[in-house]
Amino acid sequence: LFSCDGSQSVNTHALTYPSTRTLSMSCKVCNATPATPCGGCSAVSYCGKECQKTHWKEHKAKCKAYKIVTSAEEHGRNIVAARDIKAGETLMVTRPFCVGPRMHKPALCCLGCHRAADKLMSCDKCGLPVCSVKCAGSNTHQMECTLITNSKDKNNVTDLKLGIMVVTPLRIIGLKFTKPELYATAMSMEPNLEVLKERELWKYLDTHVIQPVLGLQIEGITLDIVERCVGIILTNCFEVMAKGCLLFGMYFEPALMNHHCVGNSRLMLDSSNLMTVIACQPIKKGKPAKWNYGRALDTTWTRQVNLLENKYFTCQCERCLDPTELGSNISSLKCREDKCEGSTIPKDPMSMKGDWICVKCGDVVNGECVRKLLKSLQKDTENLDRNDMKAVKDIFKKYAGKLHKNHGVLTELKQYLISGMGRLPGYEMDDLKESDHKQKVLLCQEVLDVLDIVEPGMMLGRGLMMFELHSSLVMVSNMEFEKKQNPGQLLCRLLEADKFLREAEKILKMEPRNSPYGHLAATVQSNMVELSAYIESVKNM
């Protein structure tokens, strides 16, 4: 799960930032001319390979495929490509400068190892929850522990009671005294206070986070600093997992990447919270690197509500402004007229109050009727068990006649069915008939048609779907061959499966090995070897 920086129509990093260097056409090492820009970042130039090799040890840490710029069009600071970047290239690899519990309804966890637990002991020094004496003395816990302990000693306070919701702000405040440069970088991030202070949540945060931190009377820490720190966390945080506990992770450069409902970048986290950002589509030099803060299969209205609620802005991208969502029809309904097979779309895609209209027959549907349908859909799906194949099929059948076949909810239900076929009890591989595999192939193709529009390129969802598709294509090929004994047809089918498997391999191999999907890369590699050998044997029939 990810959350990210954002406000207004995109991020608003209005604070000044050191300007990036202009290109120097003289050699960085010997000042000779002409010189060629570095192929990695274009920030420096060299007269030849020898000077480039000489300077590499110094330049390596600064050689990046991106740069931070300030743009009025992008509402402040943002990340752009420093050169033409190909799909699959790494933009950045970075660790969080701070990880800690959420500030609102945090999960109870040990503040030393972040393991979620119902029963924990209290740290002898600060009173906050830890799972052991070892964790009480861990480096992870020392920042808040030291600040609280020093406050108790200095102010002679013995009954100070703090909740874990203060920990993440304290970990950032602590950087002021331990890593002042990192603290300055953190505090330069957008706090979005003007918007946040209007939210009901702010009252809770003031009571349970801001005032308790101020109560510690930390030297040099004012109300403005604490409020800014809280705003920065809310505006810029990513949600990360650690030992079963949902936490906030703070990353600087990734937080500068703006939102787009069809992003050109893919973010990946491993089990140590190392974040890798790759280009899932080609990015031209000077163009912003963007990613989708939400879910690709959410309808326009769902995305707008979630962005406004969690990231404090509404999106005005091409997808949001198009009633058909770039032709994906993720928000569209089926025309209610019996003989019409048209799509019913909103007259105004940015409003849920307006009427909807069929693009084929012109039939107008009152907005209230659409809202009732969507509320019913939400009620039926909010507690749906994705592993209950019967329940998934029932919901799919109920709404297949009302929603466009590409509607986001139907597409997600198709993903549940695809995932269950071949894995869940009663639907394991031995249970499936040829007709089941053919249905799975059709479902995979329909899902890919949607993902190719709203989540194109080297995105994880496409990789997983192509892996599933290749598997069923091979099964269908074998079953058809048993009946028809046609080697030519078998070879054709297997080559098609091989194409999808190879594309899946390109996407899935990007996943960090210790990420939730990292193990699939090895499985894909094994399948590629087996399928290649099978194809060769069929060629020799």
Side-chain angles (χ1 to χ4, degrees), residues 261-262 294-306 315-382 384 389-418 421 435-436 438-456 461-462 465 469:
C261 290
V262 184
R295 297 176 350 121
L297 293 180
D298 279 346
T299 63
T300 296
W301 191 245
T302 300
R303 296 195 310 278
Q304 295 294 349
V305 169
N306 288 337
C315 181
Q316 303 281 327
C317 73
E318 310 91 291
R319 177 182 170 188
C320 288
L321 296 177
D322 181 356
T324 72
E325 298 204 42
L326 306 178
S328 68
N329 285 296
I330 278 181
S331 296
S332 302
L333 311 178
K334 263 189 176 180
C335 180
R336 61 185 178 179
E337 296 298 318
D338 290 339
K339 296 183 179 180
C340 180
E341 297 181 355
S343 304
T344 299
I345 61 175
K347 287 185 175 181
D348 179 2
M350 299 298 286
S351 171
M352 274 299 291
K353 296 182 179 179
D355 293 339
W356 291 48
I357 186 170
C358 174
V359 296
K360 186 175 182 181
C361 72
D363 178 54
V364 176
V365 181
N366 182 272
E368 182 60 28
C369 294
V370 175
R371 288 193 293 277
K372 287 181 180 179
L373 171 63
L374 297 181
K375 284 182 180 178
S376 173
L377 176 64
Q378 182 180 12
K379 183 179 179 181
D380 285 342
T381 56
E382 61 186 359
L384 179 64
M389 292 288 278
K390 183 181 183 304
V392 172
K393 286 184 175 182
D394 288 345
I395 296 293
F396 186 87
K397 184 177 180 181
K398 179 177 179 179
Y399 289 98
K402 301 174 183 179
L403 308 177
H404 190 284
K405 71 180 183 69
N406 289 352
H407 190 277
V409 173
L410 289 186
T411 301
E412 193 159 6
L413 291 174
K414 291 174 185 177
Q415 288 182 323
Y416 294 168
L417 294 172
I418 291 165
M421 295 172 75
S435 59
D436 296 322
K438 286 184 175 180
Q439 182 194 20
K440 187 173 178 179
V441 168
L442 179 61
L443 291 174
C444 287
Q445 290 170 335
E446 289 179 351
V447 171
L448 279 172
D449 285 343
V450 177
L451 295 182
D452 285 344
I453 298 173
V454 300
E455 207 171 39
R462 290 186 71 250
M465 203 50 49
L469 178 54

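Bear in mind that the values here come from a model prediction, so they are computed numbers and not experimental data. Positions are given from 1 along the sequence.
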(message) Tell me the closest heavy-atom pair linking G327 and T324, and the distance in Å.
(response) N-OG1, 3.0 Å
(request) Decide yes or no for M465 and Q415: does some side-chain heavy atom of the first lie under 4.5 Å from some side-chain heavy atom of the second? (result) yes
(request) Measure the spacing between CG of N306 and CZ of R295 and express it to the nearest 0.5 Å. (result) 8.5 Å
(message) Between L451 and T411, is there a side-chain heavy-atom distance shorter than 4.5 Å?
(response) no
(request) Starting at CD1 of I395, measure out to OH of Y416 and round the result to the nearest 0.5 Å. (result) 11.5 Å
(request) Answer yes or no: is there a donor N or O on one side and an acceptor on the other, between the side chain of Q304 and the main chain of C315, under 3.5 Å? (result) yes
(request) Could you walk me through whether L333 and V365 pass side chain to side chain contact (heavy atoms under 4.5 Å, CB included), step by step? (result) CA-CA 10 Å; L333 311 178; V365 181; 5.7 Å; no
(message) Ignoring hydrogens, what is the shortest heavy-atom contact between L384 and A391? Give both atom names and the distance.
(response) CD1-CB, 3.7 Å
(message) Do K405 and N329 have side chains that approach each other closer than 4.5 Å (heavy atoms only, starting at C-beta)?
(response) no
(message) Taking the side chain as everything from C-beta on, heavy atoms only, tell me whether R303 gets closer than 4.5 Å to E325.
(response) yes
(message) How close do K398 and S376 get, counting heavy atoms only, and between which atoms?
(response) NZ-OG, 4.4 Å
(request) Would you check if V454 and L326 make a side-chain contact, meaning some heavy-atom pair closer than 4.5 Å? (result) no
(request) Sequence neighbours left out, what pairs pass side-chain hydrogen bond (donor to acceptor under 3.5 Å, both in side chains) with at least one residue falling in residues 339-356? (result) S343-H404
(message) Please give me the minimum heavy-atom distance between C320 and M350, naming the atom from each residue.
(response) O-SD, 3.7 Å
(request) Taking all non-hydrogen atoms of both residues into account, name the closest pair between S331 and T299 and its distance. (result) OG-CB, 3.2 Å
(request) Apply the side chain to side chain contact (heavy atoms under 4.5 Å, CB included) test between L403 and each candidate in L373, L413, I330; give the one that qualifies. (result) L373
(message) With heavy-atom distances below 4.5 Å as the criterion, would you say the side chains of E337 and K360 are in contact?
(response) no
(request) Please round to the nearest 0.5 Å and tell me the distance separating atom CG of L417 and atom CG of L410. (result) 10.5 Å
(message) Using a 6.0 Å distance limit plus a 45 degree cone around the ring axis, check whether K402 lies over the aromatic ring of Y399.
(response) yes
(message) Nearest 0.5 Å, please: how far is CG in L443 from CD in Q439?
(response) 5.0 Å
(message) Could you measure the distance from the CD atom of E455 to the CD1 atom of I453? Nearest 0.5 Å is fine.
(response) 12.5 Å
(message) For the SG atom of C340 and the NZ atom of K334, what is their distance to the nearest 0.5 Å?
(response) 11.0 Å
(request) For G362 and I357, work out which heavy atoms get closest and say how close. (result) O-CG1, 3.7 Å
(message) With side chain to side chain contact (heavy atoms under 4.5 Å, CB included) as the criterion, how do E412 and V409 come out once you've worked through the C-alpha distance, each side chain's angles and the decisive distance to 0.1 Å?
(response) CA-CA 5 Å; E412 193 159 6; V409 173; 5.7 Å; no
(request) Could you check if a side-chain atom of D394 sits within less than 4.5 angstrom of a side-chain atom of K397, using non-hydrogen atoms only? (result) no
(request) Decide side chain to side chain contact (heavy atoms under 4.5 Å, CB included) for L377 and H407; before the verdict, give the C-alpha distance in whole Å, the side-chain angles of both, and the deciding distance to 0.1 Å. (result) CA-CA 12 Å; L377 176 64; H407 190 277; 4.0 Å; yes
(message) Any heavy-atom pair between the side chains of N406 and D449 that's under 4.5 Å?
(response) no
